Amino acid sequence: MSTAASFLLLTGLLANGQELRWENAYDEPLDFKCPSGQSISYIKSQHHNHHEDRMWEFGCKDTFDSGSDCFLSPNVNDFDQKFTFECPPHHIITGMSSYHNNKREDRRDRRWKYKYCAKVQC
C-alpha cells in the first residue's frame with residue numbers, strides 16, 4: 001500500500017473515531033442518562049442560528065463500584081430564564097433531559113431536568 005493511501009486510511013479512521021454523536025436533533029427533546037455506575041464526564045454542544053437551539057453530546061465515566069441512589073429533579077427553569085442547578089451534597093450528575101419550545105420565535109428555549117445519584121452507604 002502506498003504511503004499516501006495509508007495516510008488517507010489512517011486519517012479516515014481517526015476522523016470516524018472522533019465523530020460527534022449528538023443525543024438530540026434541533027428543536028427536539030433531549031433525554032440522556034449515563035449507564036448504571038457512571039456519571040457525566042463531558043458535555044459538548046453546537047448552536048444553530050436558524051433553529052435557535054442546540055444539539056448536545058455527552059460522555060460518561062465509571063464512578064460507582066457499587067449501587068447508587070438516583071433522583072430526577074423537577075424542571076429547574078422556565079422558558080427564557082437563566083438558571084443554576086446544584087446537586088445535593090455528595091451527589092453527581094448522571095443524566096439530563098430537556099424539551100424545546102418552538103411555538104413563538106421570541107420564546108425558543110429549553111426547560112431542563114437533571115438526574116443525579118449518590119453512592120449507597122452500607
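Keep in mind the model is a prediction, meaning the values are calculated, not measured.
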side-chain contact (heavy atoms from CB on, under 4.5 Å) partners for Glu28, two or more places apart = Ala25
Phe83: partners by side-chain contact (heavy atoms from CB on, under 4.5 Å), with sequence neighbours left out = Val76, Asn77, Trp112, Tyr114
Do Leu30 and His100 touch side chain to side chain, with heavy atoms closer than 4.5 Å?
-> no
Run the numbers on His47 and Met55 for side-chain contact (heavy atoms from CB on, under 4.5 Å), then give the verdict.
-> CA-CA 7 Å; His47 182 265; Met55 292 190 304; over 6 Å; no
For the residue pair Lys44 and Trp22, what are the closest heavy atoms and their distance?
-> O-CZ3, 4.0 Å
Beyond-backbone contact of Asp78 with Arg111, side-chain heavy atoms, under 4.5 angstrom | yes
To the nearest 0.5 Å, atom CG of Asp80 lies from atom CG of Asp109 at 5.0 Å
Per the side-chain hydrogen bond (donor to acceptor under 3.5 Å, both in side chains) rule, which among Gln46, His51, His50 passes with Tyr26?
-> Gln46
Classify the ring geometry between Trp56 and Phe58 as parallel (under 30°), tilted (30 to 60°) or perpendicular (over 60°).
-> parallel
Distance-only criterion, 3.5 Å: show the donor-acceptor pairs between side-chain atoms of residues 84-97 and protein atoms not counting sequence neighbours.
unit_1	atom_1	unit_2	atom_2	d
His91	ND1	Pro88	O	3.4
His91	ND1	Pro89	O	2.9
Thr94	OG1	Lys115	O	3.4

Which distance, rounded to the nearest 0.5 Å, do you find between the CD of Gln38 and the OG1 of Thr63?
-> 7.0 Å
Asn24 side chain to Arg54 backbone, donor-acceptor under 3.5 Å = yes
Which distance, rounded to the nearest 0.5 Å, do you find between the OG of Ser41 and the NZ of Lys61?
-> 6.5 Å
For Asp65, check side-chain contact (heavy atoms from CB on, under 4.5 Å) against everything at least two apart and list the hits.
-> Lys119
Pairs meeting criterion disulfide bond (SG atoms under 2.5 Å apart) with involvement of residues 27-56, two or more places apart = Cys34-Cys60
Only one of Ser39, Ser73, Cys70 forms a side chain to side chain contact (heavy atoms under 4.5 Å, CB included) with Tyr116, so which one is it?
-> Ser73
For Asp31, the salt bridge (charged side-chain N to carboxylate O under 4.0 Å, His left out) test, sequence neighbours excluded, returns Lys33
In Å, rounded to the nearest 0.5 Å, how long is the span from NZ of Lys113 to CZ of Phe71?
-> 16.0 Å
